[in-house]
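Given the structure is predicted, the values throughout are model-derived calculations rather than measurements.
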Amino acid sequence: SLEKEENVFRIFFLGGSTAFGATALSDMKTIPGYMQKLFDQVELEQRIEIINAGIPGGYSYIESKLISEKILEYNPDLLVIYDGYNDNYRSFDNYYFDTKETNSTRDLLQYILQNNFYKTPQFFYHQYFRAVFDSTELIVFDDSKKFEKSERWANTWRDVCSENESKGIKTIITLQPILGTGEKELTKEEKRNFDKYDGEKIIKNYEFFAKQLEELSDSCTKIVDLRN
């Protein structure tokens with residue numbers, strides 16, 4: 001609802017398919033859903049409302065457009081950005097495009113995945129992801145323009161943070177963990193996917209995004225490196 005109750009603190013959680021919950025069967029099985037459950041268990045002066053604004057394949061440009069074109073209408077108090085991977089992986093020359101189709105696709109996909117009436121589309125969606133993950137073909141990562149990609153990512157969020165600050169909206173930027181960034185020992189399946197997706201190159205490129213985080217500390221409410 002566009003209307004926000006007086007005693008509500010409204011949080012929007014943005015990111016790609018991980019935030020959206022690409023393989024989750026309900027909102028409560030997503031990261032924002034688990035956050036909502038935790039807040040509901042704590043007595044606070046205000047009621048915390050967390051809204052999942054994740055987009056499958058989402059990255060900084062379309063997320064920033066979603067904020068300016070739609071989310072600001074809902075009077076948010078806080079935006080939590082959970083991304084980095086898709087900006088790192090996306091081609092540098094394929095960054096700007098019309099976001100209206102992306103938003104409508106996201107809404108349709110979310111409705112299908114979280115409505116048990118649509119069992120057949122859900123089945124084929126999950127079968128598609130299984131087929132992709134089961135393939136052993138090496139997908140070579142393009143590590144060109146590594147600095148330019150990370151710099152543009154940081155510039156996009158710096159502009160968003162500054163604009164939000166002028167409106168009294170807090171913004172937290174997090175660099176999401178990805179396969180191979182933590183100290184966890186990988187399972188056989190994880191190791192296979194790490195090798196398949198050229199994980200070593202991805203991790204090296206991702207370091208440029210981590211270095212950009214500190215540049216955002218003056219503009220954004222908080223920055224958090226979640227890689228470890």
Worksheet, complete the sentence: Rounded to the nearest 0.5 angstrom, the CG-OG1 distance for Asn164 and Thr221 is 8.0 Å
Worksheet item: Does Trp157 reach the side chain of Ile223, with side-chain heavy atoms less than 4.5 Å apart?
Response: no
Discussion item. What's the separation between atom NZ in Lys65 and atom OG in Ser60, rounded to the nearest 0.5 Å?
Written reply: 12.5 Å
Worksheet item: Say you draw a straight line from CD of Glu200 to CG of Asn205; how long is it, rounded to the nearest 0.5 Å?
Response: 12.0 Å
Item to complete: State which residue, out of Tyr197, Tyr206, Tyr89, fulfils the ring pair (Phe, Tyr, Trp, His ring centres under 6.0 Å) condition with Phe141.
Response: Tyr89
Worksheet item: So with a 6.0 Å cut-off around NZ of Lys29, is the heavy-atom count from everything else above 12?
Response: no
Discussion item. Within the supplied structure, the quantity of interest is the number of heavy atoms (other residues, nucleotides, ligands) at a distance under 6.0 Å from Lys146 NZ; does it exceed 12?
Written reply: yes
Fill in: pair Tyr34-Met28: side-chain heavy atoms closer than 4.5 Å
no
Worksheet item: Is any side-chain heavy atom of Arg192 closer than 4.5 Å to a side-chain heavy atom of Lys188?
Response: no
Worksheet item: Rounded to the nearest 0.5 Å, how far does OG1 of Thr181 lie from CG of Asn228?
Response: 6.0 Å
Practice prompt. Decide yes or no for Asn52 and Ile31: does some side-chain heavy atom of the first lie under 4.5 Å from some side-chain heavy atom of the second?
Written response: no
Using distance only, find each side-chain donor-acceptor pair of residues 209-218 under 3.5 Å and give its atom names and separation, not counting sequence neighbours.
unit_1	atom_1	unit_2	atom_2	d
Ser217	OG	Glu214	O	2.8

Practice prompt. Let me see the working for Asp83 and Trp153 under side chain to side chain donor-acceptor pair (under 3.5 Å), right down to the final yes or no.
Written response: CA-CA 10 Å; Asp83 71 1; Trp153 172 81; 3.2 Å; yes
Fill in: Single-linkage hydrophobic cluster Ile55~Met35, side-chain heavy atoms < 4.5 angstrom
no
Discussion item. As an exercise, state the distance from NZ of Lys167 to OG of Ser162, rounded to the nearest 0.5 Å.
Written reply: 11.0 Å
Without placing hydrogens or testing angles, list every side-chain donor-acceptor pair under 3.5 Å for residues 172-180, not counting sequence neighbours.
unit_1	atom_1	unit_2	atom_2	d
Thr174	OG1	Ile81	O	2.7
Gln176	OE1	Gly84	N	3.4
Gln176	OE1	Tyr85	N	3.3

Worksheet item: Same cluster or not: are Tyr59 and Leu66 linked, directly or through other Ile, Leu, Val, Met, Phe, Trp or Tyr residues, by side-chain heavy atoms under 4.5 angstrom apart?
Response: yes
Item to complete: For atom NZ of Lys37, decide whether the heavy atoms of other residues, nucleotides or ligands shown that lie under 6.0 angstrom number more than 12.
Response: no
Item to complete: Please confirm whether the backbone N or O of Asn88 pairs with a side-chain atom of Lys149, one donor and one acceptor, at under 3.5 Å?
Response: yes
Worksheet item: In terms of side-chain geometry, is the basic nitrogen of Arg152 or Asp87 positioned less than 4.0 Å from the acidic oxygen of its partner?
Response: no
Response to the item:
Per side-chain contact (heavy atoms from CB on, under 4.5 Å), Pro32 is matched among Ile11, Ile50, Asp27 by Ile50
Worksheet item: Does a side-chain heavy-atom distance below 4.5 Å link Val42 with Ile48?
Response: no
Fill in: Beyond-backbone contact of Glu207 with Arg227, side-chain heavy atoms, under 4.5 angstrom
yes
Practice prompt. With rounding to the nearest 0.5 Å, note down the distance linking CD in Glu151 to CZ in Arg158.
Written response: 8.0 Å
Discussion item. Are Ile203 and Ile139 linked, directly or through intermediate hydrophobic residues, by side-chain heavy-atom contacts shorter than 4.5 Å (ILVMFWY only)?
Written reply: yes
Worksheet item: Stepwise, does the side chain to side chain contact (heavy atoms under 4.5 Å, CB included) test hold for Leu14 with Ile71?
Response: CA-CA 10 Å; Leu14 294 96; Ile71 289 178; 3.7 Å; yes
Worksheet item: Does Ile67 reach the side chain of Phe12, with side-chain heavy atoms less than 4.5 Å apart?
Response: no
Discussion item. Going by salt bridge (Lys or Arg N to Asp or Glu O under 4.0 Å), name the pairs with one or both residues in residues 39-64, residues two or more places apart or in two chains.
Written reply: Glu5-Arg47, Arg10-Glu49
Worksheet entry | Ser144 side chain near Phe92 side chain, heavy-atom distance below 4.5 Å | no
Worksheet entry | same_hphob_cluster(Phe9, Phe13) at 4.5 Å side-chain heavy-atom cutoff | yes
Worksheet item: Parallel under 30°, tilted from 30 to 60°, perpendicular over 60°: which one fits the rings of Tyr61 and Tyr95?
Response: tilted
